[in-house]
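Since the structure comes first, as structure tokens, the remarks are kept for the end.
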Amino acid sequence: MGWWLLVLAIALYLFWRWTSLKSASIPHTLGLPLLGNALSWRMDPVDFLSSLKKRFGGVFMINLAGHRMIIISDPKALEDFHKADEETLSSIEATTDVGFQIVLGRDNVLHGSAIHRQILKDQMIQNKNEFVVDFDVVLGKALRIETQFHEGSVDFIPFVRKVILRATVDYYISHEISAKFPSFLDEFTTFEDELEEGIAKAAVVPRFLQRVILAPVEKKRFNLKIKVAQVVKELYLKKATTGYLRDLISTSKLNFQVEDDFGTIAEYCLGLLFAAAKNPSILCAQTFLFLLENSAQLDRAQRELEEVSAKFREGQVQVEEMKFVDTCIKETLRLTAHTIGSIRKTRRNFTISTASSTIEIPQGHFVAASHILMSMDENSWKNPRDFDPDRFSPNRREDLSHGKAFIPFSGGVHICPGRYLSMAMTKLFLKHCLMSYRISTTSTIPSMDFTRATLGLRKTVCTVTIQKK
């Protein structure tokens, strides 16, 4: 009987959450009772959102099992969205409300993003060439290690994810993490996957139930934090912290008089890995897969990389000269863009304008930009579902059809601080793969899948064969 009462209470809660805001002057669709639009979303998020845009225009509200979300894909409205500060549209409140404070830790949600943004602005972006040279070395090493572990055929996206995670851990924290704890990379990957699944479930239940759902993920984070804190402490006491970890310790302004300070740094490290590894790894893998599907574009990329690689061997940093490769990466970003990104919560009533109307969004609503709807807009892009890197070439520049046509890294005050590093990382990955390995597939590459809260993936396994040249 108790379980039935709990289910009924949740059902009534979800029904109240949705119907209590029906009076808002925002176009919306109710969907099925309790489930809302969840089933339509799971079937095909892109087609679902596209159909609602055709029906309602560039601003509308969806209902995912009682979880309301206002979706923006109107260029003028996106200008207002991107200009709004934290006091108006809060990322902290949005991430807290869906459970990130539990799974990533309070320090990460309240302070982590600001600290990492400051380091990227003050240190890394000012030393781009140094990043390229150093990351090129750790990435090449990570590829060599993982290809030894995965000789022959591999599922390509998980393989690349492991490569990028290993390189990211070694570069941003220390190679001693994976040396001291060989299972760390696998444990972190499991943690990351369970975090995404847990957040998806926790987002549609009352807040008091979130900790029950997310407790197993929180426990995994705590175990990972202990391992990272141990390595951080050893390096700190030996005065052997370098690079990003040294900057992180300095910027955090902790005095390390108490043991918890090492745990705080470890927590910031886990937050960094969560943000800096998975989506960049998907971008690396998907760019290569799109090239495998388009042999003419693959040949062009290979020829360009052969020229640039010669300069790399001479000690010259030349990622800016990878101009065609750059367009391939941007086209992949367009085709794999987040269905829902840059999620914020209104802390006060917020007004946005479209070309034809003004819409007031009341306090307490979740608001997000749909990057994929902007990427699929036929008014901006010719044949938008095709892989066509030349749409970014100087004589076409479809991405400049209007100011919000291409927003893979968000925009305004919330623009991704690591966008340059992500692009450079992908160029280096493609250089290593095309210059040092033979990667091929004899099967059809599966179609796109947008059901995860990441860049677009593939619906089934992408099996490739990898051989060292």
Side-chain angles (χ1 to χ4, degrees), residues 86 90-124 161 164-174 177-178 181 184-185 187-199 202 210 214 217-233 235 241 243-254 260-282 341-344 409-410 414-419 421-422 425 453-454:
E86 178 68 21
S90 175
S91 62
I92 292 177
E93 285 198 17
T95 52
T96 298
D97 278 11
V98 298
F100 274 100
Q101 191 160 311
I102 298 172
V103 294
L104 284 180
R106 181 176 180 275
D107 287 322
N108 260 323
V109 171
L110 297 181
H111 311 297
S113 294
I115 288 174
H116 293 308
R117 185 181 293 270
Q118 183 178 335
I119 296 171
L120 288 170
K121 179 182 177 182
D122 294 346
Q123 303 292 336
M124 299 195 69
R161 186 177 169 192
I164 297 300
L165 179 59
R166 180 181 292 279
T168 303
V169 170
D170 289 355
Y171 179 81
Y172 287 101
I173 309 174
S174 171
I177 295 279
S178 50
F181 303 108
F184 178 85
L185 299 181
E187 290 176 23
F188 185 84
T189 299
T190 301
F191 160 73
E192 205 168 37
D193 289 342
E194 292 185 6
L195 185 157
E196 287 181 4
E197 292 173 6
I199 288 294
Q210 286 183 349
L214 296 174
V217 186
E218 184 181 29
K219 184 177 180 181
K220 280 186 168 61
R221 172 179 60 84
F222 184 75
N223 291 334
L224 289 168
K225 184 171 100 171
I226 290 173
K227 294 179 177 179
V228 176
Q230 183 178 333
V231 173
V232 169
K233 182 178 180 180
L235 292 171
T241 58
Y244 195 93
L245 180 58
R246 179 193 58 224
D247 295 337
L248 179 58
I249 290 172
S250 172
T251 307
S252 67
K253 298 180 180 178
L254 298 172
D260 281 354
D261 287 348
F262 294 106
T264 299
I265 293 296
E267 203 151 86
Y268 290 151
C269 289
L270 293 176
L272 173 69
L273 295 180
F274 178 75
K278 188 167 187 180
N279 275 325
S281 72
I282 296 172
S342 308
I343 300 174
R344 304 288 180 259
F409 296 110
S410 190
H414 300 299
I415 194 165
C416 174
R419 56 195 181 279
L421 305 183
S422 179
M425 183 189 304
T454 61

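Numbers here simply count residues along the sequence, with the first being 1.
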If every non-hydrogen atom of A266 is compared with every non-hydrogen atom of K225, which pair is closest and at what distance? CB-O, 3.5 Å
So does R117 have more than 12 non-hydrogen atoms from other groups sitting under 6.0 Å from CZ? yes
Test log, rule side chain to side chain contact (heavy atoms under 4.5 Å, CB included), inputs S410 and C416: CA-CA 6 Å; S410 190; C416 174; 5.9 Å; no
Of all heavy-atom pairs linking T96 and V109, the shortest is OG1-CG1, 3.4 Å
Is R161 paired with D193 through a side-chain N to carboxylate O contact shorter than 4.0 Å? yes
Value for CD (Q230) from CG (L235), rounded to nearest 0.5 Å, stands at 10.5 Å
Heavy-atom pair of closest approach, residues L248 and H116: CD1-CE1, 4.0 Å
Are the side chains of L245 and C269 in contact, using a 4.5 Å heavy-atom criterion? yes
Salt bridge check: are R344 and E86 linked by an N-O gap of less than 4.0 Å? no
At their closest point, which heavy atom of I265 faces which heavy atom of S252, and how far apart are they? CD1-OG, 3.4 Å
Are R221 and E267 close enough for a salt bridge, meaning some N to O gap below 4.0 Å? yes
Flag the pair L104 / L270 as yes when at least one side-chain heavy-atom distance between them is below 4.5 Å, and no otherwise. no
Does any part of the side chain of I173, heavy atoms only, come nearer than 4.5 Å to the side chain of Y244, both counted from C-beta? no
Heavy-atom closest pair, residues I164 and A277: CG2-O, 3.7 Å
Answer yes or no: is there a side-chain heavy-atom contact under 4.5 Å between D170 and S178? yes
If only side-chain N and O atoms count, and only distance matters, is there a donor-acceptor pair under 3.5 Å linking T251 with Q118? no
State plainly whether the residues E192 and K278 are in salt-bridge range, i.e. N to O under 4.0 Å. no
Any side-chain heavy-atom pair from F181 and V231 closer than 4.5 angstrom? yes
Would you check if F222 and I226 make a side-chain contact, meaning some heavy-atom pair closer than 4.5 Å? yes
Derivation of the side chain to side chain contact (heavy atoms under 4.5 Å, CB included) call for N223 and K227: CA-CA 7 Å; N223 291 334; K227 294 179 177 179; 5.8 Å; no
Can you tell me how far apart CG (L272) and OH (Y172) are? Round to the nearest 0.5 Å. 6.5 Å
Give the C-alpha distance, both sets of side-chain angles, the deciding distance and a yes or no for side chain to side chain contact (heavy atoms under 4.5 Å, CB included) between I249 and L254. CA-CA 7 Å; I249 290 172; L254 298 172; over 6 Å; no
Identify the heavy atoms of D97 and Q210 that sit nearest to each other, and give their distance. O-NE2, 2.6 Å
Anything under 30° is parallel, anything over 60° is perpendicular, the rest tilted; go ahead and classify F191 against F188. tilted
Restricting to side-chain hydrogen bond (donor to acceptor under 3.5 Å, both in side chains), what partner residues turn up for T264, sequence neighbours left out? none
F100 and its side-chain contact (heavy atoms from CB on, under 4.5 Å) partner, picked from L214, L195, N108: L195
Hey, could you give me the CG/CD1 distance between D247 and I119, rounded to the nearest 0.5 Å? 6.0 Å
Any donor-acceptor pair under 3.5 Å from T95 side chain to I92 backbone: yes
Side chain proximity check, Y268 to H111, heavy atoms < 4.5 angstrom: yes
May I have the step-by-step check of side chain to side chain contact (heavy atoms under 4.5 Å, CB included) for V232 and S174, ending in yes or no? CA-CA 9 Å; V232 169; S174 171; over 6 Å; no
Can you check whether T454 reaches E196 side chain to side chain, under 4.5 Å on heavy atoms? yes
